[in-house]
Number of protein chains: 2
Amino acid sequence: MTIRYPVAPPTLADVAERAGVSRQTVSNAINNPDLLRADTLARVQEAIEELGYSPNRAARNLRTRSSHLIGLKFQPAQEGTANAAMDRFVHSLVETAGGAGYHILLFAVGEDEDHLRGYDDLLRATAVDAFIVTDTYLGNPQAAWLRQRRAPFVSFGRPWDDDAADHPWVDVDGAAGVDLATTHLLDRGHQRIAWIGWHKDSRIGEDRRSGWTRAMHGRNLSTTGLASRTEDTVSSGHDAAAVLLDEAQPSAFVCASDTLAMGVLHTLRDRGLTPGHDVSVIGFDDSQVAQVINPGLTSVRQPLEEVAVEIVRALEGLLSTPAVVSPGVLLTPTLAVRETG
Amino acid sequence: MTIRYPVAPPTLADVAERAGVSRQTVSNAINNPDLLRADTLARVQEAIEELGYSPNRAARNLRTRSSHLIGLKFQPAQEGTANAAMDRFVHSLVETAGGAGYHILLFAVGEDEDHLRGYDDLLRATAVDAFIVTDTYLGNPQAAWLRQRRAPFVSFGRPWDDDAADHPWVDVDGAAGVDLATTHLLDRGHQRIAWIGWHKDSRIGEDRRSGWTRAMHGRNLSTTGLASRTEDTVSSGHDAAAVLLDEAQPSAFVCASDTLAMGVLHTLRDRGLTPGHDVSVIGFDDSQVAQVINPGLTSVRQPLEEVAVEIVRALEGLLSTPAVVSPGVLLTPTLAVRETG
DNA sequence: CCGCGCACTTGGATCGATCAATGCGGGCCA
DNA sequence: TGGCCCGCATTGATCGATCCAAGTGCGCGG
């Protein structure tokens, strides 16, 4: 704590001299402490402490051909939507990765230029050890490209339709989450529960939807006429709810996102219906919006902290012993129950 | 530990051999292209292209003693609040920094351990070139500590009460934003405009509050009895609004955050008052919540994209020529007008 | 007393880009 | 023709940690 910069930081050789041992021994003290006798180790650690030594990252990276950096393409929440899972996820990730000795490197790729360019540069420059890929939507070329490049990566999201995929992945069981929400409503006596989701080409959307049909059919209830597929915007949710209310008279809505659920709430407000009393509404993502509105929006909450833990675990396996083939991990969301459902 | 490549990545020497020039020339082609004759440069670039060469980051970092990495302590939005500026800010930052050849390195420091430990490690290990500090609240030791360490950093936020501070900073003029909001209400005929803000020891809160008093006094209107200071939670805003409505009968509220504004909206709802019609409400941060609720919440929007640009500019000045002393930059927010005000 | 293994030491090489100094050929001017 | 500068090539050294191979001193069991 008494060192002033910008004097040259101490090197491993400085520590060795101070502790009266060799460079090799200091290196071992740091990387293979169990090779040293207890008293020697203590002496070296003391010298490290006194000098405020910390191994130079660049030198270490050069020699070991690894950076202990994980690349993550940062995708912010879209304006005008309620979905903000990234924020919570990134935080959990940074914390967990930090515990494992890794840091998160953010990068962006411009909209116009080649989307893979960013990955390529970082990879070739050995700037990162691995990537975390977050959007595995249909036709997303990232995963295929990374695999072909033999770049280590873990994806948050299943390789939906890519049967050649053999990379580790972690995902949240959206169907189970929606099933949970639907069952919660069924247990409260609802029979006519509507679904508002995304277009058919969204695998995530179809997965979530299947949780609704599963729960409904499990109670021998029909789902015909009770589903709507639309864009992920508030106004789309608003319109879809209006149509469903007119044509199918549902007593509750389960939505693929909090954004859509907000649209439903607006429709209820238009018609003087009280959410949670006249009509129940459940969203998906447990966004800040769900938490601060009144009445509070019941919503499916993804276990993002666990996702981060599993992703880091997978990364460690991937980077330490390449033989370990970690399959996918599927986590189950919970339901944050509030007033609307 | 190692990135599995089909083949070892090409080195600068490989490029030199292929182009029939020396290592130094290739290095110049990359770092000082104007030193080369046009045809030589073209030949080298061709070789780079053919081999898919990208300079090894670790080697470059070691030699140049710089990593082109900027450290940022990632702070997620608090659960149960509406404030989510970080998300938007980080994205802008990543994009802008990327354009300048820098990447953003996220790190976290555990709540219990020494808050400065994270900075220290990264700095000593020459893992980052500089830091971006985002919370410059009263008594925050980071800035002082970093300065004492002579660590290059730029802060998002003024050094409020630290007169010894000489580091570059970028901030948003909260007072101007609130002035803007208040004036907007005044222009619409409001006279009794209340303020709900944070406790007195929050410099940011007091700054924003001053915008309200400035605008009110500018029209010779009294502010006595119209202000409330509380915690930044929805329920605090709710309570404060109730008290103010009872005791001062304001026709409009300006709040230090969207979170507080949400509380106000809940109170209006309790009393059957229509936001924007009976009583106007303006928040601060233009969060997702402000955007998706109905009626939409008018809110002060921070120009986070510009903040990012200015911060990167300051960083570049800081890292290129240490002599350049960039003072602070103060940016003016805008008002996102919606139905509540 | 020998041999073995533990706990180190020693010196050198290595990773790959950059720095610094020198070499070299050709053009320009006196 | 000689001297000089300019553009570019060449080459060894350097950054600091790690890897590697060989060696030393010492204690202990056989």
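- Crowding of B:Gln78 atom CD: a count of heavy atoms from other residues, nucleotides or ligands under 6.0 Å not exceeding 12.
- Listed for the B:Arg88 side chain is a donor-acceptor partner under 3.5 Å among the backbone atoms of B:Gln302.
- For B:Tyr102, the ring-ring contact (aromatic ring centres under 6.0 Å, His included) test picks out B:His68, with sequence neighbours left out.
- Put simply, the side chain of B:Asn32 never gets that close to the backbone of B:Leu35: no donor and acceptor are under 3.5 Å apart.
- Across the protein-nucleic acid pair, B:Asn32 atom CG and D:dG7 atom P stand 14 Å apart, rounded to whole Å.
- Non-hydrogen atoms lying under 4.0 Å from DNA chain D are contributed by B:Leu62, B:Arg63, B:Arg65, all within residues 55-70 of chain B.
- Distance B:Leu12 CG to C:dT14 P: 18 Å, rounded to the nearest Å.
- Within the 3.5 Å criterion, the main-chain N or O of A:Arg158 finds a donor-acceptor partner in the side chain of A:Asp171.
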Summary of protein contacts for nucleotides 6-12 of chain C, nucleotide by nucleotide, where a base hit scores B, a sugar-phosphate-only hit scores S (4.0 Å, heavy atoms): -SSBBBB
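- One axis for each end of the helix from C:dC1-D:dG30 to C:dA30-D:dT1, each built from five base pairs, and the angle between them comes to 40° at 10° resolution.
- The separation between B:Ile48 atom CD1 and C:dA17 atom P is 10 Å, rounded to whole Å.
- Residues forming a side chain to side chain donor-acceptor pair (under 3.5 Å) with B:Thr96 (at least two apart in sequence, or on another chain): none.
- A 4.5 Å side-chain heavy-atom check between A:Ile30 and A:Arg60 finds at least one atom pair inside the cut-off.
- Neither OP1 nor OP2 of D:dG16 sits under 4.0 Å from any side-chain N or O of A:Tyr53.
- Salt bridge B:Arg313/B:Glu310: present, at least one basic N to carboxylate O contact under 4.0 Å.
- Considering CD of A:Glu46 and CG of A:Leu51, their distance stands at 10.5 Å, rounded to 0.5 Å.
- When the ring-ring contact (aromatic ring centres under 6.0 Å, His included) test is applied to A:Phe89, the partners found at least two apart in sequence or on another chain are A:Phe156.
- Atom CD of A:Glu305 is surrounded by more than 12 heavy atoms from other residues, nucleotides or ligands within 6.0 Å.
- A close approach under 4.0 Å does occur between a side-chain nitrogen or oxygen of B:Ser27 and OP1 or OP2 of C:dT18.
- The separation between A:Glu17 atom CD and D:dA17 atom P is 14 Å, rounded to whole Å.
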